[in-house]
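First the structure, in the form of structure tokens, and then the observations on it.
A note on names: the letters A, B, ... follow the listed sequences, proteins ahead of strands, and every chain is numbered from 1. Below, each value reflects all heavy atoms present in this structure, side chains not excepted, and no hydrogens, waters or symmetry copies. Because the structure is predicted, anything quoted here is derived from the model rather than measured.
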There are 2 protein chains.
Amino acid sequence: MNEAGVDRMFHALADSTRRDIVRRAVTGDLSVSRLAEGYAMSFAAVQKHIAVLEKVGLVTKKRRGREYLVSTDPDALVLARLALDQLEEAWRGRVDRMADLLAETAPPEQRTPTKGQDR
Amino acid sequence: MNEAGVDRMFHALADSTRRDIVRRAVTGDLSVSRLAEGYAMSFAAVQKHIAVLEKVGLVTKKRRGREYLVSTDPDALVLARLALDQLEEAWRGRVDRMADLLAETAPPEQRTPTKGQDR
DNA sequence: GTAACATACAACCAAATGGTTGTAGATGAG
DNA sequence: CTCATCTACAACCATTTGGTTGTATGTTAC
């Protein structure tokens, strides 16, 4: 997932109605209208929320008769988790580097290249 | 974290500039101006991004002389992860319930434990 | 075929978002 | 003290977002 994709993924998750849809659609047996019944907003509004979720792959739609069943795709959530992991990695990496530094500074004043500094 | 808090947390993460700030601020030794130098936008714009991150606790500021040093708070990322976990939980819960159901409806069948399935 | 239902989509609107510039208050340097 | 630096904040603007209503299309029921 590229940066823009992560943007869209987190944005999709940054709305409680959409998160609720994700939760309710795990069973995959609810149609768009059924889902829409649960919220104090118009059908079209819920439709838009589902469209946002669909665009980032958090849900998929499958036709059954004249309705569309919405189901959550757990793989997409894994992608979001990966994005979070990468952020935490920066922090963990720092801790590791600090540990390295401590290990290095133990001997008297040894300068290591500090090459990781790419910014 | 309540629903509105999760909204704000994911919204804060839904911007690549802000995520980059979170990454760069892990060392905690960069001031607002130093951080701002890295982006093709005004100082005030970066200031706003930092304010958004600060409001959800992803970074904190500490005064040093006339500048403010920005540092990432890894605990906040854990909160975001928890929110994701709760979404996944709905899905895992469903799978577990399906497994239960299978276990109940299929007595003679030999049930392989499948217990290793922790995701 | 006609009626009812489920969905899609366009047009519109208010509010929020992400950017700008400008002004003002602290703080350190000389 | 004076000046330059760092930050905060207000005002403003364009775009996006999240909602609305209305219209069109496809599908099942009768």
Review item, nucleotides 20-22 of chain D N/O atoms under 3.5 Å of protein N/O:
| from | atom 1 | to | atom 2 | distance (Å) |
| --- | --- | --- | --- | --- |
| D:dT20 | OP1 | A:Ser42 | N | 3.2 |
| D:dT20 | OP2 | A:Ser42 | N | 2.7 |
| D:dT20 | OP2 | A:Ser42 | OG | 2.5 |

Taking every heavy atom of A:Ile21 against every heavy atom of A:His49, the minimum-distance pair comes out as CD1-CB, 4.0 Å
Is there a side-chain polar atom (N or O) of B:His11 under 4.0 Å from OP1 or OP2 of D:dG18?
no
Q) Hey, does A:Ser31 reach any base, or is it just sugar-phosphate, or nothing, if we go heavy atoms under 4.0 Å? A) sugar-phosphate
When rounded to whole Å, the CG to P distance for the pair B:Leu53 and C:dT17 reads 14 Å
ask   = Does B:Ser16 use its side chain to pair, donor to acceptor, with the backbone of A:Glu3 at less than 3.5 Å?
value = no
Shortest non-hydrogen pair, A:Leu30 vs A:Arg34, comes out as CD2-CB, 4.2 Å
Looking only at C:dA4, D:dG18, D:dA8, the nucleotide nearest the B:Lys61 side chain is D:dA8
In whole angstroms, the gap separating P of C:dT17 from CZ of B:Phe10 amounts to 17 Å
From the list A:Thr27, A:Asp29, A:Thr60, side chain to side chain contact (heavy atoms under 4.5 Å, CB included) partner of A:Ser71 resolves to A:Thr60
Query raised in the report: Is the CZ atom of B:Arg63 crowded by more than 12 outside heavy atoms at less than 6.0 Å?
Result: yes
Of A:Gly65 and A:Val52, the one whose closest nucleotide on DNA chain D sits nearer the 5' end is A:Val52
Here the distance between atom P of C:dT17 and atom CG of A:Asp15, to the nearest Å, is 12 Å
| request: Find out whether B:Ile50 and B:Arg18 are in side-chain contact, i.e. whether some heavy atom of one side chain is under 4.5 Å from a heavy atom of the other. | output: no
Ionic contact status for A:Glu88 with B:Arg19, cut-off 4.0 Å: no
query: Just checking A:Arg64: base, sugar-phosphate only, or nothing, at a heavy-atom cut-off of under 4.0 Å?
result: nothing
Taken to the nearest whole Å, CZ/A:Arg66 to P/D:dT28 is 8 Å
note: B:Asp7, atom CG; D:dG18, atom P; distance rounded to Å ~ 10 Å
note: B:Arg63, atom CZ; D:dT5, atom P; distance rounded to Å ~ 17 Å
B:Tyr39 atom OH is separated from C:dG18 atom C1', nearest whole Å, by 15 Å
- For A:Arg18, which contact category applies under a 4.0 Å heavy-atom criterion: base, sugar-phosphate, or nothing? sugar-phosphate
In whole angstroms, the gap separating P of C:dT17 from CZ of B:Arg8 amounts to 11 Å
